[in-house]
Amino acid sequence: RKEVEQDPGPFNVPEGATVAFNCTYSNSASQSFFWYRQDCRKEPKLLMSVYSSGNEDGRFTAQLNRASQYISLLIRDSKLSDSATYLCVVNTRDNFNKFYFGSGTKLNVKP
Amino acid sequence: DVKVTQSSRYLVKRTGEKVFLECVQDMDHENMFWYRQDPGLGLRLIYFSYDVKMKEKGDIPEGYSVSREKKERFSLILESASTNQTSMYLCASSLGFGTAANEKLFFGSGTQLSVL
């Protein structure tokens, strides 16, 4: 079983739509959680950290559900520029702090 | 902004060659990582280092070695390149551990390595 699992998509949505991605993780001892964005043939870049209380950054909202071991990313009012692959990343802070990456969810925002 | 620089964007090597991939970060980060990224498999950790001269194996260290002689530089070495090492290689660094703020990963732009 993979440490972190994501629906690969693609999610094809029109501009202005609201879209949500989920990501599940297998290790209940996981301590820190992140969403990264990766454009085609580019490096991943941090989108936002995910905190237990949930957090919002403009059109982006991240939630953590420890009981069910999943994190979510909600994008409101999608823009063409949001088209990318979104990577879920989990760190257990044990075993020398290996980060576990999901395979990514591809989002295509259409005009 | 943190800058993580990888020495080559594209590299073509022959089977059996020794390959060096260099990575330099400019923000005095403690931790440095080497990942490879393959379609459908996501990022997989090869090696990481949390201090000068310290290294730890990741999930797929076979066929690779690393060197960290200076804090800012982390090198990945393919001792004898093979075709199954054709991949995108990504270097990353982070400030430290213990908090989400410290654990933010900053990536280099990647090296697409082709082994023929």
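Just so it is clear, the values below take in all heavy atoms, side chains as well, and ignore hydrogens, waters and symmetry mates. Within every chain, numbering begins at 1; the chains are lettered A, B, ... in the order of the sequence lines, protein sequences first and strands thereafter. Worth saying up front: this structure is predicted, and the values here are computed from it rather than measured.
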**Side-chain heavy atoms of A:Gln38 within contact of B:Phe107, under 4.5 Å** = no
**Non-hydrogen atoms of A:Ser103 and B:Gly40 that approach each other most closely** = OG-O, 3.6 Å
**Item:** Most chain A-contacting option - heavy-atom pairs closer than 4.5 Å, from B:Leu105, B:Leu43, B:Leu41
**Value:** B:Leu105
**Prompt:** What residue in B:Gly110, B:Pro39, B:Gly108 has the most heavy-atom pairs under 4.5 Å with chain A?
**Reply:** B:Gly108
**B:Ser94 side, atom OG; A:Asn91 side, atom CG - distance, nearest 0.5 Å** = 8.5 Å
**Request:** Step by step, work out the side-chain hydrogen bond (donor to acceptor under 3.5 Å, both in side chains) result for B:Ser109 and A:Glu43.
**Result:** CA-CA 5 Å; B:Ser109 54; A:Glu43 74 274 19; 5.3 Å; no
**Item:** Flag if over 12 foreign heavy atoms under 6.0 Å of NZ, B:Lys57
**Value:** no
**Prompt:** Heavy-atom distance under 4.5 Å to chain B: side chain of A:Lys45, backbone, both or neither?
**Reply:** neither
**Asked** Is it the case that one hydrophobic cluster holds both B:Leu90 and A:Leu46, taking links as side-chain heavy atoms less than 4.5 Å apart, direct or via other members?
**Response** yes
**Asked** Where on A:Tyr51 is there a heavy atom nearer than 4.5 Å to chain B: the side chain, the backbone, both, or neither?
**Response** side chain
**Asked** So with a 6.0 Å cut-off around CZ of B:Arg14, is the heavy-atom count from everything else above 12?
**Response** no
**Complete:** Whatever's closer than 4.5 Å to a heavy atom in chain B on A:Gln6 counts as neither
**OH on A:Tyr100 to CZ on B:Arg44, rounded to 0.5 Å** = 14.0 Å
**Message:** Given heavy-atom pairs under 4.5 angstrom as the criterion, report whether the side chain, backbone, both or neither of B:Gln37 touches chain A.
**Reply:** side chain
**Sub-6.0 Å ring centroid separation between A:Phe101 and B:Tyr35** = yes
**Asked** When hydrophobic residues are tied together by side-chain contacts of less than 4.5 Å, even through go-betweens, does B:Leu21 share a cluster with B:Ile60?
**Response** yes
**Request:** Indicate, with yes or no, if B:Val4 and B:Leu76 share a hydrophobic cluster defined by side-chain heavy-atom contacts under 4.5 Å among Ile, Leu, Val, Met, Phe, Trp and Tyr.
**Result:** no
**Asked** Should A:Val109 and A:Phe60 be counted in the same cluster of Ile, Leu, Val, Met, Phe, Trp and Tyr side chains packed under 4.5 Å apart?
**Response** yes
**Item:** Residue part contacting chain B, namely of A:Pro44, when any heavy atom lies under 4.5 Å
**Value:** both
**Item:** Linked, directly or transitively: A:Val13 and A:Leu73 (ILVMFWY side chains, under 4.5 Å)
**Value:** yes
